[in-house]
Trainee: 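Input: one structure, supplied below.
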Amino acid sequence: MAKYTFTDSEKEQIKLAVKELETVSCGEIVPYFVNSSDDYAEASWYTAGIFSGIASLLTAVLSYLWLLPVRMTPLEVSLVILGALVLGFLIPLIFPKTKRLIISPDRQRERVNQRALQAFMEEKVFETEERVGILIFISRLEHQVMVLGDEGISKKLSPDDWQHVVEEVVQGIKSNQIADGLVKSIALCKELLLKHGFVRKSTDYNELDDGLRVED
């Protein structure tokens, strides 16, 4: 999977969407993008074990049935199994998208959740004066998005309120239009905040940077 690179134009569109929200709402949004929430190194070992196991079983069965095309010595059998192991190990490294098929959905959700919480803390989304920070966390490999609202917002909004926001971003990921999906999701956040009374006051000021955070 090639790493997604945001163009300067896309970054500016996202930044303008954040500014537009914060012009009318007291909420503070941090858009955060990672290509993957984990390197999932175990994926290579999973496929290595599967490939070597299949090679071992297939060789044994064909040998038992006298169907091997050539007579193989124990050393040659070992080399075939070793080759299958190496091939299996390399596949997730050469084709990173396969990791999403190899790693269990539960494991992926766990890592995305952990990485999103880490970003929430690192970006100090919790440090706004009225506790109205929002993190939109996008993990491209897993096709997963998390929206985390700080204490002030969570008192009025439920996780279900964020579902349409998540869906907009996921649709953008699937269509390879991540920036467009993110801009639309920020606009939806603005509607939700205003609907629940999070309007900008004259004393409000910009507490968090408006730009997109990108991590490879």
Trainee: Of all the heavy-atom pairs spanning E207 and T128, show the shortest one and how long it is.
Mentor: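 Scanning both residues completely, I find the closest heavy atoms to be OE1-CA, 3.3 Å.
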
Trainee: Establish whether L58 and I81 are linked, either directly or via other cluster members, by ILVMFWY side-chain heavy-atom contacts under 4.5 Å.
Mentor: yes

Trainee: Taking only residues two or more places apart in sequence or in another chain, which ones pass side chain to side chain donor-acceptor pair (under 3.5 Å) with S185?
Mentor: none

Trainee: Okay, side chain of R100, backbone of L141: is any donor-acceptor separation there less than 3.5 Å?
Mentor: yes

Trainee: Which heavy atom in P92 sits nearest to a heavy atom in K99, and how many Å separate them?
Mentor: O-CE, 3.5 Å

Trainee: Under the ring-ring contact (aromatic ring centres under 6.0 Å, His included) rule, collect the residues that match up with Y32, sequence neighbours excluded.
Mentor: F137

Trainee: Would you please test L192 and V165 for side chain to side chain contact (heavy atoms under 4.5 Å, CB included) and show each step?
Mentor: CA-CA 10 Å; L192 282 170; V165 177; 4.0 Å; yes

Trainee: Within a reach of under 6.0 Å around NE2 of H143, are more than 12 heavy atoms found that belong to other residues, nucleotides or ligands?
Mentor: yes

Trainee: Can you tell me if R213 uses its side chain to pair, donor with acceptor, with the backbone of G211 under 3.5 Å?
Mentor: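 Present.
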
Trainee: Supply the atom-to-atom distance E127 CD to E28 CD, rounded to the nearest 0.5 angstrom.
Mentor: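 Taking CD in E127 and CD in E28, the distance rounds to 12.5 Å.
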
Trainee: Using 0.5 Å steps for rounding, measure from the OG1 atom of T23 to the CG atom of N206.
Mentor: 9.0 Å

Trainee: What is the minimum heavy-atom distance between D204 and V199, and which atoms define it?
Mentor: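 Residues D204 and V199, closest heavy atoms: OD2-O, 4.1 Å.
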
Trainee: Please report the closest heavy-atom contact between S44 and T47, naming both atoms and the distance.
Mentor: O-OG1, 3.1 Å

Trainee: Listed by chain and number, what are the ring-ring contact (aromatic ring centres under 6.0 Å, His included) partners of F89, not counting sequence neighbours?
Mentor: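 So F89 forms a ring-ring contact (aromatic ring centres under 6.0 Å, His included) with W45.
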
Trainee: Are the side chain of N113 and the backbone of E110 linked by a donor-acceptor contact shorter than 3.5 Å?
Mentor: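 Flag not set: sc N113 to bb E110 has no pair under 3.5 Å.
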
Trainee: So, for I173 and I178, which heavy atoms are closest and what is the spacing to 0.1 Å?
Mentor: CA-CG1, 3.9 Å

Trainee: Check for a donor-acceptor pair, side chain of S104 on one end and backbone N or O of R107 on the other, with a separation under 3.5 Å.
Mentor: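 Such a contact is found between S104 side chain and R107 backbone.
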
Trainee: Can you tell if the side chain of W162 reaches within under 4.5 Å of the side chain of I134, non-hydrogen atoms only?
Mentor: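 When only atoms from C-beta onward are counted, I134 and W162 do touch, with a gap below 4.5 Å.
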
Trainee: If hydrophobic clusters are built by linking Ile, Leu, Val, Met, Phe, Trp and Tyr wherever their side-chain heavy atoms come under 4.5 Å apart, do L208 and L117 end up in the same one?
Mentor: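 They do share one cluster, since a chain of ILVMFWY contacts under 4.5 Å joins L208 to L117.
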
Trainee: Could you work out, with side chain to side chain donor-acceptor pair (under 3.5 Å) as the rule, every residue matching D106, not counting sequence neighbours?
Mentor: R109

Trainee: Return the set of residues passing ring-ring contact (aromatic ring centres under 6.0 Å, His included) with F126 (not counting sequence neighbours), or none when no residue passes.
Mentor: none

Trainee: Enumerate the residue pairs fulfilling salt bridge (charged side-chain N to carboxylate O under 4.0 Å, His left out) with a member in residues 16-26, sequence neighbours excluded, ordered by first and then second residue.
Mentor: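 Salt bridge (charged side-chain N to carboxylate O under 4.0 Å, His left out) check on residues 16-26 returns E20-K190.
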
Trainee: Does E142 reach the main-chain N or O of S37 with its side chain, forming a donor-acceptor pair under 3.5 Å?
Mentor: yes

Trainee: For residues R111 and Q108, is any side-chain donor paired with an opposing acceptor at under 3.5 Å?
Mentor: no

Trainee: Which distance, rounded to the nearest 0.5 Å, do you find between the CD1 of I136 and the SG of C189?
Mentor: 4.0 Å

Trainee: Measure from the side-chain N and O atoms of T59 to the backbone N and O of S56, and report whether any donor-acceptor pair falls under 3.5 Å.
Mentor: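 A pair under 3.5 Å: no.
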
Trainee: Is F51 linked to L85 within one hydrophobic cluster, defined over Ile, Leu, Val, Met, Phe, Trp and Tyr using a side-chain heavy-atom separation of less than 4.5 Å?
Mentor: no

Trainee: Locate the shortest heavy-atom distance separating F198 from L157; write the atom from each residue and the value.
Mentor: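 Looking at all heavy atoms of both residues, the shortest contact is CE1-CD1, 3.8 Å.
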
Trainee: For A179, is there any backbone N or O sitting under 3.5 Å from a side-chain donor or acceptor partner on E10?
Mentor: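 Not a single qualifying donor-acceptor pair exists.
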
Trainee: Hey, does the side chain of S25 reach the backbone of L194 with a donor-acceptor pair shorter than 3.5 angstrom?
Mentor: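 No, S25 side chain to L194 backbone: no donor-acceptor pair under 3.5 Å.
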
Trainee: Determine whether L82 and L93 fall in the same hydrophobic cluster, where Ile, Leu, Val, Met, Phe, Trp and Tyr are linked whenever their side-chain heavy atoms lie under 4.5 Å apart.
Mentor: yes

Trainee: Hey, mind stepping through K15 and D210 against salt bridge (charged side-chain N to carboxylate O under 4.0 Å, His left out) and telling me if it holds?
Mentor: CA-CA 5 Å; K15 189 171 185 177; D210 297 331; over 6 Å; no

Trainee: Check the hydrophobic clustering (I, L, V, M, F, W, Y; side-chain heavy atoms under 4.5 Å; chains of links allowed) and say if V77 and L75 are grouped together.
Mentor: no

